[in-house]
Colleague: 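This is the structure I have questions about; it appears just below.
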Amino acid sequence: MPEVIINGPEGRIEGRYQHSKEPNAPIALLLHPHPQHGGTMNNKIVYALFRAFTKRGFSTLRFNFRGVGRSQGSFDRGEGELSDAASALDWLQTYNPNAAGCWIGGFSFGAWIGMQLLMRRPEIDSFISIAPPASTFDFSFLAPCPSSGLIVHGEKDDLVPVESVQKLVNKLSHQRDIKIDYRILKGAGHFFTDQMVELEASVSEYLDTHLESTLIQQPKR
């Protein structure tokens with residue numbers, strides 16, 4: 001998959017991009033976990049998301065936040081990382097001006113940044129959040145949440161208690177026209193060490209169901 005360099009707010013942003021062979025394919029942007037705790041775009045969960053989207057014909061981009069890998073700058077407590085994500089989405093849209101849809105996906109810290117970007121960019125149709133850190137970061141900005149999506153969490157997550165994510169899901173699910181598919185993977189910790197197959201299967205199933213329903217709803221020509 002081609003390496004790409006994106007002009008970001010603090011200079012160079014390093015990414016990996018797979019362009020779909022299908023015309024006007026939907027696009028997906030994927031965000032990695034906390035930069036100060038070893039998070040990179042090569043994280044195995046981010047890569048599993050990347051694989052799930054590219055298999056379904058999405059033009060898909062994952063990238064390193066500022067200060068990670070070859071991306072310039074330094075950690076900025078989430079504010080700068082949100083700007084990085086916005087720049088990456090701008091780049092993705094520039095290369096796919098007629099994309100049939102737009103998705104955001106993220107793991108842990110990346111899920112938090114992704115949900116913030118969701119609030120700021122109305123063109124994002126849906127989201128996938130893996131282990132959103134609802135116990136350590138504020139998600140109150142999701143009022144109202146603009147899109148439905150998938151949230152996957154580990155039953156035995158020792159960093160983010162499942163109860164905190166359940167509260168977030170309850171809050172979002174009570175909003176008008178919002179449907180949250182919430183899946184708890186049995187025995188899984190925060191990093192889904194022994195549940196990667198189940199995690200990717202959950203993401204793939206959600207994507208397949210959503211894409212199938214989208215095709216059904218499209219008017220015949």
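Please read all numbers here as calculations on a predicted model, not as lab measurements.
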Colleague: Looking at every heavy atom in both Y17 and S59, which two are closest together, and how far apart are they?
Modeller: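 Reported closest heavy-atom pair: OH-CB, 3.5 Å.
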
Colleague: Would you check, one step at a time, whether the test side-chain contact (heavy atoms from CB on, under 4.5 Å) holds for H19 with N96?
Modeller: CA-CA 9 Å; H19 189 74; N96 299 273; 3.2 Å; yes

Colleague: Considering residues at least two apart in sequence or located in another chain, which fulfil the side-chain contact (heavy atoms from CB on, under 4.5 Å) criterion with D90?
Modeller: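 With neighbours one apart ignored, the set is Q93, R121.
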
Colleague: Please identify each residue that fulfils side-chain hydrogen bond (donor to acceptor under 3.5 Å, both in side chains) with S74, with sequence neighbours left out.
Modeller: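 By the side-chain hydrogen bond (donor to acceptor under 3.5 Å, both in side chains) rule, S74 matches no residue at all.
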
Colleague: Closest heavy-atom contact between A88 and L29?
Modeller: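 Looking at all heavy atoms of both residues, the closest pair is CB-CD1, 3.8 Å.
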
Colleague: If you compare all heavy atoms of N7 against all heavy atoms of S87, which two are closest, and at what distance to 0.1 Å?
Modeller: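 Closest heavy-atom pair between N7 and S87: O-CB, 4.2 Å.
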
Colleague: Locate the shortest heavy-atom distance separating G149 from S126; write the atom from each residue and the value.
Modeller: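 G149 and S126 have their closest heavy atoms at CA-OG, 3.7 Å.
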
Colleague: Please identify each residue that fulfils side-chain contact (heavy atoms from CB on, under 4.5 Å) with Q175, with sequence neighbours left out.
Modeller: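 Partners of Q175 by the side-chain contact (heavy atoms from CB on, under 4.5 Å) criterion, ordered by chain and then number, come out as P144, C145, K171, L172, I178.
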
Colleague: Quick test of your reading of the model: are E14 and R16 salt-bridged, counting only N-O distances below 4.0 Å?
Modeller: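 Answer for the salt bridge query: yes.
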
Colleague: Throw together a table of side-chain donor-acceptor distances under 3.5 angstrom for residues 159-169, partners on residues two or more places apart or in other chains.
Modeller:
unit_1 : atom_1 : unit_2 : atom_2 : d
S164   : OG     : P161   : O      : 2.7
Q166   : NE2    : N170   : OD1    : 2.9

Colleague: So, using ring-ring contact (aromatic ring centres under 6.0 Å, His included) as the criterion, who are the partners of F65 when residues are at least two apart?
Modeller: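 Partners of F65 by the ring-ring contact (aromatic ring centres under 6.0 Å, His included) criterion, ordered by chain and then number, come out as H32, F63, F109.
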
Colleague: Excluding sequence neighbours, so at least two apart, what forms side-chain hydrogen bond (donor to acceptor under 3.5 Å, both in side chains) with E205?
Modeller: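 Only R183 meet the side-chain hydrogen bond (donor to acceptor under 3.5 Å, both in side chains) criterion with E205.
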
Colleague: Tell me every residue that passes side-chain hydrogen bond (donor to acceptor under 3.5 Å, both in side chains) with D194, counting only those two or more places apart in sequence or in another chain.
Modeller: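 side-chain hydrogen bond (donor to acceptor under 3.5 Å, both in side chains) check on D194 returns nothing, list empty.
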
Colleague: Testing the basics here: between D84 and P9, what is the closest heavy-atom pair and its distance to 0.1 Å?
Modeller: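 For D84 versus P9, the nearest heavy atoms are OD1-CD, 3.6 Å.
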
Colleague: Excluding sequence neighbours, so at least two apart, what forms side-chain contact (heavy atoms from CB on, under 4.5 Å) with A52?
Modeller: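 Testing A52 for side-chain contact (heavy atoms from CB on, under 4.5 Å), a comparison that skips the adjacent residues, returns R56, V203, S204, L207.
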
Colleague: Where do I45 and I130 come nearest, in terms of heavy atoms and distance?
Modeller: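 For I45 and I130, the tightest heavy-atom pair comes out as CG2-CG2, 4.0 Å.
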
Colleague: What ring pair (Phe, Tyr, Trp, His ring centres under 6.0 Å) pairs are there with at least one residue in residues 174-196, not counting sequence neighbours?
Modeller: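 The answer is F107-H190.
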
Colleague: Could you pull out every donor-acceptor pair under 3.5 Å between side chains of residues 33-41 and any protein atom, sequence neighbours left out?
Modeller:
unit_1 : atom_1 : unit_2 : atom_2 : d
H34    : ND1    : Q36    : N      : 3.0
T40    : OG1    : N42    : N      : 3.0

Colleague: Who pairs with H153 by ring-ring contact (aromatic ring centres under 6.0 Å, His included), at least two apart in sequence or on another chain?
Modeller: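 H153: no ring-ring contact (aromatic ring centres under 6.0 Å, His included) contacts found.
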
Colleague: Going by the rule side-chain hydrogen bond (donor to acceptor under 3.5 Å, both in side chains), which residues pair with R51 if we only count those two or more places apart in sequence or in a different chain?
Modeller: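 side-chain hydrogen bond (donor to acceptor under 3.5 Å, both in side chains) check on R51 returns E200.
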
